[in-house]
Asker: 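Dumping the structure here so I can ask a few things about it.
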Amino acid sequence: MVEQKKQPARDKVSRLINWGHWFAFFNGLLAMLVGLRYLQSQSLPDSLVSWGYLTISTIGHFSFLSFIIYLVLLFPVTLLLPYSRILRGYAAIVASIGLYVLLYDTVVYQDYGMHLNPFAFDLAWADLNSLLQGPSFIIMPVLILIIELIAANALWKRIERIQRRNWGNKLVVLISCCFIGSHLMHIWADAADVTEITRFDDSYPISYPATAKTFMENHGIDGSNNPDIKVERSLNYPLQPLQCHADNHPNVLLVAIDSFRADLVDNQTMPFLYNYSQKNQTFTRHFSGGNQYHSGMFSLLYGLQGSYIDAVDLNYTSPLFTQTLKQQGYQLGLFTTESQVSHPKPKAIFDDFTPHLAAKTGGSALSDIASIDAFGQWRQQQNEPWFALLNLKSPEDYDTPVGFLGIQTVKPAMPLKPAEKVLFNQYRQSLNFVDQQLQRLLGALPQNTVVLITGVNGKLFTSNGDEARRNISPANVQVPLVIHWPGSVNSTVNYRTSHYGIVPTLMTQVLGCTNPATDYSAGRHLLQPDDKSWLYIGDNRFFAIYQQQEITVIDRHGKYRIYDSHYQHRLRKKMSAPEMIDVMQEGRRLYSH
C-alpha cells in the first residue's frame, strides 16, 4: 500500500522535472533573443566562419545559463514543494527576473561597454534616468511576466505530448555540441589569432571561452600571420580626416625611459637632466597613461586611453601620429631591446618604424648603451627630417654596467622597508647611469631638434612583479616630462598633464594639424589646461581614475576601491558618478554605432 502511494508521488515529481527542463529550454530561447541586443554594440560578422561561431556560441551559452538557473533555483524547489501551481508561478517569477537582469545588462553594455558588476551597477544606478528612457522599460517587464506565465501553463498542459515525441535527447545532444564546439572553435581561434572570432569574447555576460594558445603553439599550430583573415573595422580613428600641413620640419627625438619616477630628477641623482630641465620646458605634474610598459607606450604613441588597447582595429592600424610623420617625409627609427618588440600591444604600434634592436644578453645597461650608439650612427645617415623613439630600460631592472662608479647612498625621503631601501639606492645608481648617457646623447644633436624626455611608467620599489602590476599609485605612474623646443626659453608647467597630450602637441606644433585633438586623442595640447576633472590610467582590465581628491581603482571584475589623492588611505565611500560616466563615454566614443 505504501509503495503504491509512493509511485504516484514519484511520477508527479518526474513530470515536474521534465516540465522544468522544457521550461528552462524555452527561457534559453528567450535569452538568445534578448542577447541579440549585445550585437548592436558591435559590427556583425562578415564571414561564414565567424557567423558559424557566433551562432553555436549563442545557442550554447544562453542554453547553459538557463539550465544553471534551473538547476540552482528551480530543481531544489521541485523536490521540496512538488506542487505544480506553486512551482509554475515561482518559476515564471524567477525566469522573469532573470530576463529583466539580462535586459538591463544589455542596456549597460551598450552605454558603458561592460557587463553588470559592482562598478557598472553603481554607475548605472546613478545614471538610471538616462539609461531607462521611454515607455518600453515599463511595459517590457509586465510583458515578460505574462509570457512566462503563459509558457509555464502551456508547457505543463502539453508536457506528456512533448515527451512522447522524444525531442529531449536530440536537443540535449544539439546544445551540448554547440557548447563544446564553440569552446573548441575558440581554442583554435585564440591560437591562430582569428580576430573575427576572438573579438566576441566579452560580448555575452559570464562568458569565459576556453583558450589554449600555448598548447596549440607547442603543437605547431600558428595562424597569427594568416593573410586571409578579414577584419571589419569598428573604430572611427580618426573621427574626421586629418588636415595637416607644416612648412618647417624639425627633427624629433622622443626618449622614453622605462620605470622613470618623477621625484628623483634632482641635482644629486640626475644632475645633467636636472640642469637641462631648468633651461627648457618642464612639466611638474605629468602622468603616464599606464603603470606598465604596454599601457604607458600606448598612451604615448596613440594618445588614447587604455580602454582601447585591445581594440581589434589597432592590431592593423598604427598610431595616426607616426602615420602622419611618414606622410610628411619623416624617417622613423625605433631604438630599443629585442624583448620590447617581440610581443607589441597593439600589434601595429611600431609598424611605421624601422627597428634597431639591441640584444639584452649583457643586461639592460649595455643594451641602452648599444641603443644610443645605434641612434648616433642612424642619425648621421639621415638626409630627411627624422623622428626617433629611443627606449631605455636600465631603471626597470635597477641595472648599471660592471664597474660603474655611481653616487653615494642617501636616506629615502619616503618611508621604506629595509629591502625597499636597498632597491631605492640601486635605482638611483641606475638613474645616474642613465643621466650620464643622456648627457652623451643630447650633446651631439643637431640644433633643429625637438627633444622630449619622459618615462613610459613610474617605479615601485618591490621585487614582486604582481604587486607592481596592480599598483596604480602616483609613484608608479607620475613621470618626468622635459621638452626642448629649438629657440624657446625655459618655462614650468605646474598643472596636471599626461601622455595623452603629447600626441596632440606634436601633431599641432610639428606637423601643423588643425583638427581638434578630440578627433584622434583622449588629450589636448600640453599648454592648454585640461578641463576634465579626471584622468584614466591603466588598460582595459585594471585601471584607475585620478580625480582631484581621490583615486578610484577598478579591476576586470568591476570591484573598485577608492583611495585618497596620495594613495595612502582607503576611503569608505561610493564613486563619483558624473566623472565615471564621462570615463565610460570616452571609452566608447571612437567605436562605430
Side-chain angles (χ1 to χ4, degrees), residues 235-240 242-244 252 254 256 262 281-291 294-309 311 314 317-325 346 349 387 389 450 452-458 472 474 477-483 485 493-540 543-548 551 579-580 582-591:
L235 277 187
N236 292 318
Y237 174 66
L239 291 176
Q240 298 294 333
L242 295 183
Q243 304 295 325
C244 303
V252 182
L254 173 56
Q281 194 173 62
T282 305
F283 297 79
T284 61
R285 295 180 59 211
H286 187 79
F287 290 81
S288 170
N291 65 337
H294 289 306
S295 52
M297 191 62 75
F298 178 77
S299 64
L300 195 58
L301 291 181
Y302 280 94
L304 299 174
Q305 72 180 37
S307 56
Y308 291 99
I309 197 169
L314 299 185
T317 307
S318 59
L320 284 172
F321 171 55
T322 57
Q323 289 183 42
T324 309
L325 284 167
I349 189 169
F387 172 81
L389 172 56
V450 177
L452 298 91
I453 303 171
T454 190
V456 179
N457 54 294
I472 315 186
V477 297
Q478 189 168 354
V479 296
L481 175 61
V482 179
I483 303 181
W485 299 102
V493 174
N494 294 316
Y495 52 78
R496 186 176 68 189
T497 57
S498 73
H499 277 2
Y500 303 125
I502 290 178
V503 163
T505 301
L506 293 176
M507 295 280 273
T508 303
Q509 297 290 104
V510 176
L511 300 176
C513 298
T514 57
N515 294 61
T518 51
D519 279 357
Y520 55 84
S521 172
R524 59 171 58 197
H525 196 293
L526 290 168
L527 296 184
Q528 297 176 359
D530 200 336
D531 57 357
K532 292 177 181 175
S533 60
W534 53 270
L535 180 65
Y536 185 109
I537 297 177
D539 53 27
N540 59 339
F543 59 94
I545 307 301
Y546 271 60
Q547 295 161 271
Q548 295 300 327
I551 301 169
E579 285 83 358
M580 294 302 166
D582 288 345
V583 171
M584 294 299 104
Q585 290 175 345
E586 176 62 33
R588 304 293 293 171
R589 185 170 62 88
L590 299 181
Y591 281 101

Asker: Can you list the residues that meet the side-chain contact (heavy atoms from CB on, under 4.5 Å) rule with Pro238, with sequence neighbours excluded?
Answerer: Leu242, Leu320, Tyr520
Asker: Who pairs with Ser295 by side chain to side chain donor-acceptor pair (under 3.5 Å), at least two apart in sequence or on another chain?
Answerer: none
Asker: Go through the structure and list residues passing side-chain contact (heavy atoms from CB on, under 4.5 Å) with Pro346, not counting sequence neighbours.
Answerer: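 Per chain and number, Pro346 pairs via side-chain contact (heavy atoms from CB on, under 4.5 Å) with Phe298, Tyr302, Ile309, Leu314, Asn315, Ile349.
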Asker: I'd like to know whether Val252 forms a side chain to side chain contact (heavy atoms under 4.5 Å, CB included) with Val510, so could you lay out the CA-CA distance, the side-chain angles of the two residues, the decisive distance to 0.1 Å, and finally the verdict.
Answerer: CA-CA 9 Å; Val252 182; Val510 176; 4.1 Å; yes
Asker: In Å, rounded to the nearest 0.5 Å, how long is the span from CG of Leu235 to CG of Leu590?
Answerer: 6.0 Å
Asker: Compare all side-chain heavy atoms of Leu481 with those of Val493 and state whether any distance is below 4.5 angstrom.
Answerer: no
Asker: So, using side chain to side chain donor-acceptor pair (under 3.5 Å) as the criterion, who are the partners of Thr518 when residues are at least two apart?
Answerer: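 Side chain to side chain donor-acceptor pair (under 3.5 Å) list for Thr518, sorted by chain: empty.
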Asker: Grab the two heavy atoms, one from Gly290 and one from Ser299, that are nearest each other, plus how far apart they are.
Answerer: N-OG, 4.5 Å
Asker: Within a strict 4.5 Å, meaning less than it, do heavy atoms of the Leu506 and Leu254 side chains meet?
Answerer: no
Asker: Once ring pair (Phe, Tyr, Trp, His ring centres under 6.0 Å) is applied, do any residues pair with Tyr308, and if so which ones, sequence neighbours excluded?
Answerer: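 Checked Tyr308 against ring pair (Phe, Tyr, Trp, His ring centres under 6.0 Å); matches are Tyr591.
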Asker: Let me see the working for Val450 and Phe387 under side chain to side chain contact (heavy atoms under 4.5 Å, CB included), right down to the final yes or no.
Answerer: CA-CA 9 Å; Val450 177; Phe387 172 81; over 6 Å; no
Asker: Please round to the nearest 0.5 Å and tell me the distance separating atom OG of Ser307 and atom CE of Met584.
Answerer: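 The distance works out to 7.0 Å.
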Asker: Any side-chain heavy atom of Leu325 sitting closer than 4.5 Å to one from Leu511?
Answerer: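 Yes, their side chains come closer than 4.5 Å.
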Asker: How far does CG of Asn457 sit from CG of Asn291, to the nearest 0.5 angstrom?
Answerer: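 The distance works out to 7.0 Å.
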Asker: Looking at Gln305 and Val583, what are the two nearest heavy atoms and their distance?
Answerer: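 For Gln305 versus Val583, the nearest heavy atoms are NE2-O, 3.6 Å.
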Asker: Answer whether the closest heavy-atom distance between the side chains of Phe283 and Ile483 falls below 4.5 Å.
Answerer: yes
Asker: Please determine whether side chain to side chain contact (heavy atoms under 4.5 Å, CB included) holds for the pair Tyr536 and Ile545, giving the CA-CA distance in whole Å, both sets of side-chain angles, and the decisive distance to 0.1 Å.
Answerer: CA-CA 5 Å; Tyr536 185 109; Ile545 307 301; 3.7 Å; yes
Asker: Any idea which heavy atoms bring Ser318 and Tyr237 closest together, and the distance?
Answerer: O-CE2, 4.1 Å
Asker: Please find the pair of heavy atoms, one from Pro480 and one from His286, that lie closest to each other, and give the distance.
Answerer: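 So the minimum-distance heavy-atom pair works out to O-CD2, 4.4 Å.
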Asker: For the residue pair Met297 and Val456, what are the closest heavy atoms and their distance?
Answerer: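 Where Met297 meets Val456 most closely, the heavy atoms are N-CG1, 3.7 Å.
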Asker: Which residues satisfy the ring pair (Phe, Tyr, Trp, His ring centres under 6.0 Å) test with Tyr500, sequence neighbours excluded?
Answerer: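 Tyr500: no ring pair (Phe, Tyr, Trp, His ring centres under 6.0 Å) contacts found.
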Asker: Is it the case that the side chain of Thr497 and the backbone of Leu526 share a donor-acceptor pair, with hydrogens and angles ignored and the cut-off at 3.5 Å?
Answerer: no
Asker: Could you check if a side-chain atom of His525 sits within less than 4.5 angstrom of a side-chain atom of Gln509, using non-hydrogen atoms only?
Answerer: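 The answer is yes, as the side chains (C-beta and beyond) meet within the 4.5 Å cut-off.
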Asker: Which pair of non-hydrogen atoms, one from Pro319 and one from Leu301, has the smallest distance, and what is that distance?
Answerer: CB-O, 3.3 Å
Asker: Which residues pass the side-chain contact (heavy atoms from CB on, under 4.5 Å) test with Arg496, not counting sequence neighbours?
Answerer: Arg285, Phe287, Leu535, Tyr546, Gln548
Asker: Can you check whether Leu452 reaches Ile502 side chain to side chain, under 4.5 Å on heavy atoms?
Answerer: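 Yes, their side chains come closer than 4.5 Å.
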Asker: Using the side chain to side chain donor-acceptor pair (under 3.5 Å) criterion, which residues pair with Asn540? Sequence neighbours excluded.
Answerer: Asp310
Asker: Can you name the side chain to side chain donor-acceptor pair (under 3.5 Å) partners of Thr322, sequence neighbours left out?
Answerer: Asp352
Asker: With Asp519, which residues qualify under side-chain contact (heavy atoms from CB on, under 4.5 Å), at least two apart?
Answerer: Leu239, Gln240, Asn515, Pro516
